[in-house]
Amino acid sequence: MSEKILYSYSALFDTPDKIIHAAKTVAEKGFKKFDVNTPYPVHGMDKAMKLTKSKIGWVTLVFGLTGTLTAVTMMGWMMAVDYPIVIGGKPYFGLPGFGPIMFELSVLFGAVITVVALLMFFLKLPNNSHPVHDTEYMKNVSSDKYGILIEATDPKFNKNEVEALFQELGAEKILPIYFDEEEISFKPKIFDKKFIGFLVIVAAITSLSVYGTMNKVLYMIPFSWMSEQGKSIPQETSKVFKNGSDMLPPVKGTVARGYLPYRFKGQPDKAAELLVNPLLPTEENLALGKTKFNIYCSPCHGYLADGKSRLNGNFPAPPTLHSNKVRNWTDGRIYHVIMEGQNVMPSYAHQLSEKERWAVINYIRVLQRSFNAKESDLL
Amino acid sequence: MSSTLNKVDYVKKDLPPLLKKLAYGLTAVGLVLVILAYLTDHTRSAYNNVILLMFLISIGLGSLFLVAIEYLGGAVWSTPFRRIAEFLAAILLIVPIVAIPIYFNMHELYHWLHHEAVESDPVLKGKAAYLNIKFFTIRVVAFFAVWILFYYLITNNSKKQDTTGDPELTKRNIRLSAIFIPIFAITLTFTAIDWMMSLEAHWFSTMFGVYYFAGIFLGGITSVTFLLVYLNEKGNLVKGLVPDHYYSFGVFMFGFVNFWAYIAFSQYMLIWYANLPEETIWFIHRWEGSWVAVSLAIIFIHFVIPFFVMVSQGSKMNAPKLKFMAIWILIAHYIDLYWIVMPTFSPKGAVFGWIEFGFLVLGLGLVLLVFVLKAKNNNLVPIGDPKLQRGIDFRL
């Protein structure tokens with residue numbers, strides 16, 4: 001064990017009055033490095049010890065106002081610059097609405113930073129335990145005695161004088177306090193490996209648990225106005241049906257409205273015999289037929305269905321539709337050609353709805369009649 | 001605990017002559033001005049009379065409330081000064097007299113008294129069960145009576161203690177205070193609604209009672225603080241009172257300036273946000289013409305300036321600062337009441353003339369006069385109170 005060094009002289013007193021008197025006298029004698037320890041706060045002690053006012057209030061003020069300013073700029077930026085939304089007809093920069101946030105942030109910044117500053121600078125974290133805490137003196141003053149100690153490093157310190165002074169003040173007990181060198185050095189422990197390691201571990205655990213809680217366990221979408229819609233997204237499994245899809249394939253044999261399957265596949269004669277044109281050749285139907293014919297049929301068959309196509313020989317020219325054969329065909333037979341195509345002519349079932357097909361046929365009939373007009377038609 | 005009288009160093013001294021001169025002078029000047037005012041423009045005077053009434057209720061009721069919370073909280077530090085609050089609470093005795101001139105001009109002040117207006121107005125019709133002259137009168141008389149009753153009960157016990165020193169009286173006052181405080185809360189809320197909120201009978205704010213409470217507390221604490229600091233400097237109080245004793249009065253003044261701002265802002269912000277026409281109209285009236293300037297000035301006079309002056313610990317114990325700020329905040333409270341009441345009288349813009357000035361002078365004069373008269377035959381310190389010695393020994 002190395003040699004002990006004198007840290008301070010301490011004295012214990014019985015009553016609060018005596019300790020106030022002692023503190024006053026010691027302060028008046030010009031001692032600077034002394035402290036008083038009592039089991040509870042003794043009123044009037046600050047003045048007796050001639051303590052200057054704590055500066056911590058400034059920290060609170062400065063950071064409280066920082067909080068206010070942060071809130072104004074944050075809200076102003078978000079509400080008026082970055083993402084302006086009209087809310088209840090209020091101006092974008094609606095100061096009264098920011099009020100509560102300004103208040104909250106002032107309190108938050110002020111309070112949290114005051115505590116941090118207290119711990120860091122005034123309590124000299126991480127040196128949170130003073131060696132005096134492990135002494136007989138501290139045991140006494142934390143139960144029923146009032147103690148004062150004067151540090152040996154005080155320029156006015158003199159062993160015998162201090163002892164005499166304490167005696168004069170009516171001390172009940174006078175205790176010198178010794179520490180070994182290690183204890184008394186008060187090396188700042190900020191760069192201590194253990195402390196740094198502790199900080200890193202705390203930081204890691206805190207971040208991980210916060211991340212886990214906020215993003216995994218308790219994740220809440222801040223606004224669900226548009227991102228949360230009652231719809232299923234492609235490539236995503238859904239909970240609607242057991243097989244993970246949210247739509248089942250239609251029952252076998254289901255047919256969509258207006259898309260009845262063609263009944264006479266490969267049976268032109270049956271089609272000719274059984275299919276009946278349901279449309280009357282009204283002006284409206286003929287206009288529809290003309291439009292659709294000109295779009296879908298005329299490129300090959302020509303505007304007049306006479307086979308004079310605009311294909312310029314790039315495709316086998318179709319025969320005229322004014323032949324006796326076609327003229328004598330029933331509407332059902334022509335319908336069959338549209339549905340199935342014929343040799344090189346492809347099917348037009350997908351381009352034309354049922355009604356449009358019959359309308360086109362009506363229009364073909366009109367064209368045929370115009371090529372073979374009767375005398376009476378000319379009137 | 002000793003039931004014998006404290007051996008405190010108190011010798012009753014005459015009040016400083018300046019205080020007496022001010023009390024009589026201000027009251028006389030104020031009274032003349034007010035009578036002239038009523039003769040020239042009785043409507044405007046009646047509005048000012050409402051301000052004066054609310055101002056006096058603030059100080060009187062606020063002081064009685066301070067006495068009550070001292071008993072209820074078992075506070076020791078304020079005991080040496082309790083008499084000052086007790087004397088100021090005597091203002092409640094003259095409050096009914098101040099209310100009488102208003103009563104004769106009610107018809108000009110309150111729209112809800114106009115029969116034909118109420119008949120054709122569904123909103124007023126709906127409120128008619130509450131806002132009618134009969135019920136109004138009953139409430140006003142009942143409230144005045146209750147306040148005066150508690151004033152007598154509490155202060156008489158306190159006074160009796162000067163000679164007997166009986167701690168039982170303290171216990172009795174604690175019980176009385178416990179009963180008084182809920183009654184105080186209810187009566188002050190309805191007082192604020194009846195006299196001030198109903199000036200614009202369509203408007204309503206659920207925070208209005210609390211808003212007036214903030215004013216009441218400030219009215220009480222500032223008057224008490226000014227007088228106690230002043231009288232302590234003049235040596236009228238007991239020996240041994242130091243700035244440490246002032247500290248909590250400063251804290252209360254500072255705290256309730258903030259409380260007022262908090263309530264005023266909350267009331268404004270909620271109405272601003274909800275944006276309901278029947279609620280915003282009140283603030284729109286106070287944003288018209290030169291009222292804008294008054295509205296903005298109040299923020300600074302009643303909050304920002306007192307906040308920064310009072311924020312440090314030192315200024316809460318600094319006697320000159322305390323005296324100055326006590327008067328400042330008291331006047332700010334008067335301006336606040338003016339801002340609540342007067343826009344109904346002159347919606348186009350603020351008016352301030354010798355009439356307004358006269359009522360303010362009378363108000364300050366009456367406060368001092370009541371205090372001076374009460375202090376004449378009573379001890380300025382509750383010398384029989386068992387807590388007194390501990391109160392004097394109080395240090396931060």
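In this text, all values refer to a predicted model and were calculated from it rather than measured experimentally. Convention: sequence-line order gives letters A, B, ...; per-chain numbering from 1.
- Smallest separation of non-hydrogen atoms from A:Pro96 and B:Met269: O-CG, 3.2 Å.
- With a 6.0 Å radius and a threshold of 12 heavy atoms from other residues, nucleotides or ligands, A:Phe103 has its CZ atom at or below the threshold.
- Atom CZ of A:Phe93 sits in a crowded spot, with more than 12 heavy atoms from other residues, nucleotides or ligands closer than 6.0 Å.
- Residue pairs meeting the salt bridge (Lys or Arg N to Asp or Glu O under 4.0 Å) criterion with at least one partner in residues 67-78 of chain A, sequence neighbours excluded, are absent.
- Heavy atoms of other residues, nucleotides or ligands lying less than 6.0 angstrom from CE of A:Met214 number 12 at most.
- Enclosure of atom CZ in B:Phe307 by more than 12 non-hydrogen atoms of other residues, nucleotides or ligands within 6.0 angstrom is indicated.
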With 3.5 Å as the limit, can you list every donor-acceptor pair between chain A and chain B, backbone and side chains included?
| unit_1 | atom_1 | unit_2 | atom_2 | d |
| --- | --- | --- | --- | --- |
| A:His43 | ND1 | B:Arg395 | O | 2.6 |
| A:Gly44 | N | B:Leu396 | O | 2.5 |
| A:Lys47 | NZ | B:Asp244 | OD1 | 3.1 |
| A:Lys90 | NZ | B:Trp272 | O | 3.3 |
| A:Lys90 | NZ | B:Tyr273 | O | 3.1 |

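- Contacts between A:Pro41 and chain B at a heavy-atom distance below 4.5 Å are absent for every atom of the residue.
- Partners of A:Val112 according to the side chain to side chain contact (heavy atoms under 4.5 Å, CB included) rule, which considers only residues two or more places apart in sequence or in another chain, are A:Leu108, A:Val116.
- Here A:Thr206 pairs with A:Val202, A:Val210 under the side chain to side chain contact (heavy atoms under 4.5 Å, CB included) rule; sequence neighbours left out.
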